[in-house]
Amino acid sequence: MSDITKILNTDPKKSCILIVDDEAANVRLLEKILTMTGYSNVICTQDPTQVVPLYQHHDCDLILLDIDMPILDGFGVMAQLNELTNNTPPPILVLTAQHMQSFRQRALDNGARDYVTKPFDASELLSRVRNLLDVQMAHRLTQHQNALLEQKVRERTQIIYDTRLQVVRCLGRAAEYRDEETGLHIIRMSKISALLGKAARLDDEQSDRLLNAAPMHDIGKIGIPDEILLKPGKFTPEEWEIMKTHAQIGADILAGNDSDLMIMAHDIALTHHEKWNGTGYPNGLKGEEIPLVGRICALADVFDALTSTRPYKKAWSVEKSINLIKSESGQHFDPLLVDLFLKNLPAIIEIKEKYGEPE
Ligand code: C2E
Ligand code: SIN
Ligand code: SIN
Ligand code: FE
Ligand code: FE
């Protein structure tokens with residue numbers, strides 16, 4: 001009902017007032033008092049069953065509600081109005097006969113804001129109408145400003161989120177730029193990682209984070225000289241020692257940030273070359289000492305590296321790569337993750353094909 005795009009009315013004279021009374025003479029009188037005073041948006045009904053639809057359709061600012069009506073009395077109408085799943089209680093001014101003291105009290109207890117007694121005293125009626133409309137206008141203004149603020153916060157949050165994702169993707173591309181031309185490896189590897197993450201029962205937020213953090217796993221390759229990184233053949237032992245520093249370099253680059261995303265990216269960069277049996281680098285961690293996301297990325301990374309062309313190797317077939325992964329279960333890789341990998345092979349191969357290198 002409070003649609004933020006709608007222009008906010010703060011002029012009480014233009015606010016929508018709904019008159020509800022089963023007696024035509026009362027309706028006419030009230031309407032006349034109000035319109036002569038300058039209220040320009042007055043609607044009337046003698047049918048109490050129409051109050052809820054009219055109120056909703058016109059988004060009324062005030063309801064002048066007769067209590068004593070046949071079929072559905074004012075209390076019945078109020079009960080219907082109170083049931084609307086609308087955060088603002090409807091602004092109701094009840095109209096009761098002078099001798100109906102008990103009605104007035106009950107009406108106030110049931111959500112009426114105020115009352116006037118019949119026969120109407122025009123100036124009293126107008127004062128009460130004016131007071132209630134002032135409150136309603138203030139209320140609408142607050143609601144409107146809250147909605148605007150919330151929208152602004154949402155927009156800003158989205159911009160921050162988008163910017164962060166873009167920066168993170170640029171970092172990932174920078175990591176791949178020198179030894180992989182298309183950037184498709186990180187896309188495949190990240191998607192396979194997120195898929196394995198889901199299979200390993202990470203929740204949606206965590207697997208989404210994994211999708212965004214995994215592209216930075218090799219950011220440390222920035223610190224490896226060309227003649228090593230791009231070497232067409234096998235490394236000397238000295239070159240290998242230098243190459244292995246890319247895990248720690250990546251962790252250093254990503255260290256010192258406090259967002260969940262950057263913390264995960266750091267953990268992945270540091271541990272994606274650790275092995276389940278403890279023979280990996282840089283720290284020789286073993287089994288579950290290696291963070292789950294590191295174990296996941298290790299598997300996704302090797303599978304995609306094996307099936308890809310590198311400066312130092314040709315692409316392996318999927319079959320040969322799967323055989324290596326099976327033989328490394330419990331050695332290089334977490335055996336539970338290898339099981340999940342094999343169970344999810346069709347989806348993994350689909351990712352390979354969808355993001356395959358152009359011919
Ligand atoms: P990368 O090319 O992205 O490979 C990632 C990981 O996939 C490797 O980590 C390794 O575990 C696996 N892998 C890739 N190709 C093969 C392969 O032909 N056989 C086997 N068994 N496993 C393979 P690793 O070994 O820690 O290497 C890390 C990075 O070091 C590699 O990333 C690559 O950039 C570089 N690298 C490794 N060996 C060589 C090499 O002989 N020559 C050159 N130029 N670079 C190498
Ligand atoms: C690449 O540099 O082509 C990918 C290396 C990796 O992700 O391990
Ligand atoms: C995310 O991990 O994608 C958002 C949460 C955060 O920045 O820490
Ligand atoms: Fe690496
Ligand atoms: Fe990789």
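Just follow the structure's listing: the first ligand is 1, and inside any ligand the first atom is 1. No experiment lies behind these values; they were computed from the predicted model shown.
The two residues Tyr55 and Leu81 have their closest heavy-atom pair at CD2-CD2, 3.7 Å. Asn82 and Asn110 make their closest contact through ND2-O, 3.1 Å (heavy atoms, listed as atom of the first residue, atom of the second, distance). The minimum heavy-atom distance linking Asn212 with Met216 is given by the pair O-CE, 3.7 Å. The shortest non-hydrogen separation linking Glu274 to Gly284 is OE1-N, 3.0 Å. Taking all atoms of both residues into account, the shortest heavy-atom contact from Arg104 to Thr96 is CG-OG1, 3.2 Å.
The residue among Thr309, Leu306, Leu230 with a heavy atom at the shortest distance from atom 13 (N) of ligand 1 is Leu306. With distances taken over non-hydrogen atoms, the option nearest atom 30 (O) of ligand 1 out of Met243, His185, His273 is Met243.
Listed by number with element, the atoms of ligand 1 under 4.0 Å from a non-hydrogen atom of Tyr281 are 24 (P), 26 (O), 27 (O), 28 (C). When each atom of ligand 1 is checked for a heavy atom of Ala305 under 4.0 Å away, the hits are 3 (O), 4 (O), 5 (C), 7 (O), 14 (C). Interface of Leu229 with ligand 1, defined as ligand atoms under 4.0 Å from a residue heavy atom, comprises 44 (N). Shown in contact with Ile228 at under 4.0 Å from a heavy atom are these atoms of ligand 1, numbered in order with element: 44 (N). Interface of Asp301 with ligand 1, defined as ligand atoms under 4.0 Å from a residue heavy atom, comprises 5 (C).
At a threshold of 2.8 Å, the Fe ion (ligand 4) has a backbone or side-chain N, O or S atom of His272 nearer than that distance. Taking backbone and side chain together, Asp301 holds an N, O or S atom under 2.8 Å from the Fe ion (ligand 5).
Side-chain atoms of Ser329 never come within 3.5 Å of backbone atoms of Lys326 as a donor-acceptor pair (strictly under, hydrogens ignored).
With a 4.0 Å heavy-atom cut-off, ligand 1 is reached by the side chain of Leu324 but not by its N, CA, C or O.
Not a single heavy atom of Asp304 lies less than 4.0 angstrom from ligand 1. Residue contacts with ligand 1 do not include Ile224, since none of its heavy atoms lies under 4.0 Å from the ligand. No heavy atom of Glu239 sits closer than 4.0 Å to any atom of ligand 1. Residue Gly233 places a heavy atom under 4.0 Å from ligand 1.
Each of Arg140, Lys14, Lys13 was compared with Asp61 under the salt bridge (Lys or Arg N to Asp or Glu O under 4.0 Å) criterion, and only Arg140 meets it.
For ligand 1, the polar-atom distance check against His332 finds no nitrogen or oxygen pair separated by under 3.5 Å. Checking only distances, Tyr312 does come within under 3.5 Å of ligand 1, N or O to N or O. The N/O atoms of Lys234, backbone and side chain alike, include none that comes under 3.5 Å of an N/O atom in ligand 1. Residue Asp218 has no N or O atom closer than 3.5 Å to an N or O atom of ligand 1. Between Arg310 and ligand 1, a contact under 3.5 Å exists for at least one N or O pair.
Of all N/O/S atoms in His217, NE2 sits nearest the Fe ion (ligand 5). His273 contributes atom NE2 as its closest N/O/S atom to the Fe ion (ligand 4).
The NE2 atom of His246, the Fe ion (ligand 4) and the OD1 atom of Asp218 define an angle of 80° (nearest 10 degrees).
Side-chain contact, Asn146 with Glu150: no donor N or O sits under 3.5 Å from an acceptor N or O.
Ring geometry, Phe341 versus Phe303: the interplanar angle exceeds 60°, so the pair is classed perpendicular (tilted spans 30 to 60°).
Two residues are said to be in side-chain contact when any heavy atoms from C-beta on lie closer than 4.5 Å; Glu31 and Ile19 meet this criterion. A heavy-atom distance below 4.5 Å is found between the side chains of Arg178 and Asp226.
Note on Asp339 versus Lys343: no salt bridge recorded, every NZ/NE/NH1/NH2 to OD/OE distance being 4.0 Å or above.
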What do the steps show when you test Gln105 against Gln101 for side chain to side chain donor-acceptor pair (under 3.5 Å), and what is the final call? CA-CA 7 Å; Gln105 188 57 47; Gln101 157 66 26; 4.6 Å; no

